[in-house]
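Along the sequence shown, residues are numbered consecutively beginning with 1.
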Amino acid sequence: NMNEDKVIKELAQPILEKLKELEKEMGPDEMIEIPRIKLMYDANAAPIEINGVKITEELLERLEKYVQEELDAMRMPTILH
């Protein structure tokens with residue numbers, strides 16, 4: 001779903017930016033391992049919709065996977081040095 005993909009990218013952006021900031025603050029040698037993020041879905045929370053896309057457990061899993069793939073891709077060049 002096009003809309004879902006867009007929402008996932010929008011939600012991932014601030015997470016990735018924050019992790020990039022942390023890496024800069026810590027320096028390249030400090031963050032040896034690629035961070036792993038875990039998003040928790042609260043079934044008791046009120047339903048959330050962003051741009052007509054309902055935030056579901058499945059969507060959060062896709063967001064988590066997307067962020068992880070982006071993090072892995074960001075780290076690839078530093079491994080080659």
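Nearest heavy atom pair, residue Tyr66 against residue Lys9, reads OH-CG, 3.5 Å. Looking at every heavy atom in both residues, Val67 comes nearest to Ala12 through CG2-CB, 3.6 Å.
Two residues are said to be in side-chain contact when any heavy atoms from C-beta on lie closer than 4.5 Å; Glu70 and Ile15 fail this criterion. A heavy-atom distance below 4.5 Å is not found between the side chains of Leu59 and Lys54.
From Leu19, atom CG reaches atom NZ of Lys24 across 12.5 Å, with rounding to the nearest 0.5 Å. Note that CD of Glu49 is 11.0 Å distant from OG1 of Thr56, once rounded to the nearest 0.5 Å. For the atom pair CG (Leu71) and NZ (Lys20), the distance works out to 9.0 Å, reported to the nearest 0.5 Å. One finds the CG atom of Leu11 at 11.0 Å from the CG atom of Leu16 (value rounded to the nearest 0.5 Å).
The side-chain hydrogen bond (donor to acceptor under 3.5 Å, both in side chains) check on Glu21 picks up Lys18, with sequence neighbours excluded. With sequence neighbours left out, Asp5 forms a side-chain hydrogen bond (donor to acceptor under 3.5 Å, both in side chains) with Arg62. Contacts of Glu69 classified as salt bridge (Lys or Arg N to Asp or Glu O under 4.0 Å), with partners at least two apart in sequence or in another chain: Lys65. Under the side chain to side chain contact (heavy atoms under 4.5 Å, CB included) criterion, Ile48 pairs with Ile50, Ile55, sequence neighbours left out. Glu17 pairs by the side-chain hydrogen bond (donor to acceptor under 3.5 Å, both in side chains) definition with Gln13, not counting sequence neighbours. Not a single side-chain hydrogen bond (donor to acceptor under 3.5 Å, both in side chains) links Lys38 to another residue, sequence neighbours left out.
Within 6.0 Å of CD on Glu10 lie more than 12 heavy atoms contributed by other residues, nucleotides or ligands.
Side-chain atoms of Glu64 come within 3.5 Å of backbone N or O of Leu39 as a donor-acceptor pair.
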